[in-house]
Amino acid sequence: MAAVKACNILITGANRGLGLETVKQLLENSCQKHIFATCRDPDGPKSEALRELARKHPSVITIIRLDVDDPCSIKESAKKVGSLLGNNGLNLLVNNAAIVARGTIHTSRVEDMKNTFNTNVIGPLLIIREYLQYLQTAAKASGTPGMSCNKAAVINISSVAGSMTRKPSNHIQSTVLPYSMSKAGFNTLTVLAAEELKADEILCMALHPGWVKTELGGEKAPLEPKESVEGMLRVIGSLTEKQHGGFLDYTGETIPW
Ligand code: NDP
């Protein structure tokens, strides 16, 4: 099985849900690494499980405050991470944090549409911008041709709800319209960023985790976080330039834009 061997990894929204599960599973593989586990309220009650993990693995996990909605917080986090990164740079950036908002054409609130676009599209764009210099350092330092997550990569955790061509199996897209529109924007960001990052050999792609039991996915979801993240890490570990600018799910199946 392909493994994620990236040395320096940063993940947003690492305090719960799929982000936290990703940190847990990254700890299980034996490759030497450092994880910058970011969240918006490191000292708050929702980050207790992450703090506990960091206490157990102080040399592997550094918790960093990063509020995706706040450009200053993104800049400050990048400065902090930059000061802690060695000459190897940042190998893997996982844009995982997101919010969901429900609504249809009739019921979607303007405020929800603005908020989902802010958190799910603008935030990740600013994060890529602020962390690009460290990804470029990692790409140069690797000394190997081609693309991989162990060299330098941006993985955008998106959703099939943002696909414009896949028919919704359970009408989920139309009932979470603000979220779906924001994820479609996030998918566009992925394609455009992939174009810009190509020259630096930084891999960029979108990944759908499946429908998973988390606060966002809800209780009816068929997948457990463990299975989804196992699949996503398998996919991430196997990526090459062939998947650059692509959209896959946690099983490795291509999703139409
Ligand atoms: P959860 O709701 O369980 O977790 C969301 C995470 O995002 C939390 O850590 C939350 O932090 C964080 N977050 C939200 N807003 C911000 C912010 N402004 N700044 C920093 N962190 C923030 O969701 P999931 O774990 O299920 O979702 C993870 C990713 O997977 C998302 O991108 C989602 O769209 C995607 N996805 C999930 C599916 C599912 O079925 N679960 C299906 C398809 C895609 P806090 O605790 O502070 O709120």
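Whatever order the structure lists ligands and atoms in, that order sets their numbers, starting from 1.
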Option whose closest heavy atom lies nearest to atom 24 (P) of ligand 1, chosen from T214, I99, T12:
T214

In the protein, what heavy atom is nearest to atom 18 (N) of ligand 1, and what distance, to one decimal place, separates them?
D67 OD1, 3.0 Å

Quick check on K213: does its NZ atom have over 12 non-hydrogen neighbours (other residues, nucleotides or ligands) under 6.0 Å away?
yes

Does L18 reach ligand 1 with a nitrogen or oxygen that is under 3.5 Å from one of the ligand's nitrogen or oxygen atoms?
yes

Is the closest heavy atom of S158 to ligand 1 under 4.0 Å?
yes

Should the pair Y134 and Y131 be assigned to parallel (<30°), tilted (30 to 60°) or perpendicular (>60°) ring geometry?
perpendicular

Which atoms of ligand 1 have any heavy atom of G17 under 4.0 Å away?
3 (O), 25 (O)

Quick note on ligand 1: atoms under 4.0 Å from a heavy atom of W211 include exactly 40 (O)

Would you find a donor on one side and an acceptor on the other, under 3.5 Å apart, between the side chain of T214 and the backbone of G217?
yes

Heavy-atom distance to atom 38 (C) of ligand 1: which of G210, G217, G13, S73 wins?
G210

Polar contact flag for G19 and ligand 1 (N/O pairs, less than 3.5 Å)
no

Select the closest option to atom 20 (C) of ligand 1 among L66, L20, N15, judged by heavy-atom distance.
L66

With heavy atoms of H208 as the reference, note each atom of ligand 1 found under 4.0 Å away.
43 (C)

Suppose we measure from atom 5 (C) of ligand 1 to each protein heavy atom; which comes out shortest, and what is that distance?
A98 O, 3.8 Å

Identify which of I157, N96, T38 has a heavy atom lying nearest to atom 35 (C) of ligand 1.
I157

Using distance alone, with no hydrogens and no angle criterion, decide if S73 and D67 have a side-chain donor and acceptor under 3.5 Å apart.
no

How far is atom 34 (O) of ligand 1 from its nearest protein heavy atom, and which residue and atom is that?
Y179 OH, 2.6 Å

Identify the closest protein heavy atom to atom 19 (N) of ligand 1: which residue and atom is it, and at what distance?
V68 N, 2.9 Å

Can you report which non-hydrogen protein atom sits closest to atom 21 (N) of ligand 1, along with the distance?
A97 CB, 3.5 Å

Is it true that T251 and D249 share a donor-acceptor pair across their side chains at a distance under 3.5 Å?
yes

With only distance considered, is V212 within less than 3.5 Å of ligand 1 through an N or O on each side?
yes

What residue and atom, counting heavy atoms only, is the protein's closest point to atom 4 (O) of ligand 1, and at what distance?
R16 NH1, 3.6 Å

side-chain hydrogen bond (donor to acceptor under 3.5 Å, both in side chains) pairs, two or more places apart, involving residues 48-61
E48-R51, E48-R55, E52-R55

Give a yes or no on this: more than 12 heavy atoms of other residues, nucleotides or ligands lie within 6.0 Å of atom CD of E196.
no

K213 touching ligand 1 at heavy-atom level, < 4.0 angstrom:
no

Salt bridge check, E230 against K226: does any charged N sit closer than 4.0 Å to a carboxylate O?
yes

For Y250, ring pair (Phe, Tyr, Trp, His ring centres under 6.0 Å) partners two or more places apart
none

Under 4.0 Å, counting heavy atoms only: does A221 come that close to any atom of ligand 1?
no

Side-chain (T116) to main-chain (M113) donor-acceptor, under 3.5 angstrom
yes

Looking only at side chains, do N96 and T12 share a donor and an acceptor under 3.5 Å apart?
no

